[in-house]
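This report concerns only the one structure given below.
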Amino acid sequence: MKVRLYSSAAQFSAACQNVRALGGTLGLVPTMGALHSGHMALMHEAKRLATHVAATIFVNPTQFAANEDFGQYPRTLDADMAKCEAAGVNLLFVPDVREMYAPGDSTRVRVSGVADVLCGAVRPGHFDGVATIVTKLFVLAGTCTAVFGKKDYQQLKVIERVASDLKLPIRVVAHPIVREPDGLAMSSRNAYLSAENRRRSCAISRGLSKAWRIFESGERDIDPILDCVRTELAIEHLQLQYAELADADTLELFGGQSRLSERALLAVAAYCDKTRLIDNVVLGEDLDPLQ
Ligand code: PAF
């Protein structure tokens, strides 16, 4: 069946309501486009969990700082539509900026705690933008199951808080990270990497895998675990922005002399030349990233 395309928020919302009025259920996959197999996996999961799937494509300006890649972010709408169709998406919402942020728009959703550390500490305002646009999309979609990837683990935690704190009728489902065969976590921003930088970037998943292995063999001190990541990144001259261990639910950082509990988030952000890459593994829960 052909995917139905909406640019009007009111019409998209009415179509979502209509799915439920006819006895169906809705799965929602919000994206910024430049779709890859990771997004397709989210769509397949939504399809498994609901009778109808709505995807959204919107490069959200409020989650980019002035010095970031909003203008350069890949926009590949025709290819994206074909992928949505192949994945069995029923409704596709592709609004323009004025549709989501009408003149005079001044309401922002701000999450504290989980949004303040890791990427939140180095990208001020980023999660306000994410929480705001996702809230708008949740309001338009109404009761649904929304699927998000664990690649953006902190984003997932922020969105879980939004849905729970604002009592929205949304079930948030997390999907495991989808990786390239060599371990690199799939991301639309991988399109920025030259072949050589693409190769160098695998140092991140290699570092996570080494950390995973020493954790599995019983290591609970923070430094040796973080050193696995630092060392791999140094070998390929990637610039580490942060490597942190945090509580996997609250994202409170483990620091100093503390020892890890049986489950902890290991999160990394690094630059390969100008391309910023993030990746993570939940130690004590996820499989080896290179498995
Ligand atoms: O993960 C993304 O693609 C975006 O941050 C999201 C959740 C669609 C909000 O713009």
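Atoms within a ligand are numbered from 1 in the order they appear, just like the ligands themselves. Note that the coordinates shown come from a computational prediction; the quantities given were computed from them, not determined experimentally.
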Which residue and non-hydrogen atom of the protein lie closest to atom 2 (C) of ligand 1, and at what distance in Å? Gln155 NE2, 3.8 Å

The atoms of ligand 1 lying under 4.0 Å from a heavy atom of Ile133, numbered in the order shown, are 9 (C), 10 (O)

So which heavy atom on Lys136 is nearest to which on Met100, and how close? NZ-O, 2.7 Å

Where's the contact between Thr31 and ligand 1, heavy-atom distance under 4.0 Å: side chain, backbone, both or neither? backbone

Numbered atoms and elements of ligand 1 in range of Gln63, under 4.0 angstrom, heavy atoms: 4 (C), 5 (O), 9 (C), 10 (O)

Between the side chains of Arg171 and Glu160, is the shortest nitrogen-to-carboxylate-oxygen separation below 4.0 Å, so that they form an ion pair? no

Short side-chain donor-acceptor distance under 3.5 Å, Asn197 and Tyr192: no

Say whether Thr231 and Asp227, considering side chains only, have a donor N or O and an acceptor N or O under 3.5 Å apart. no

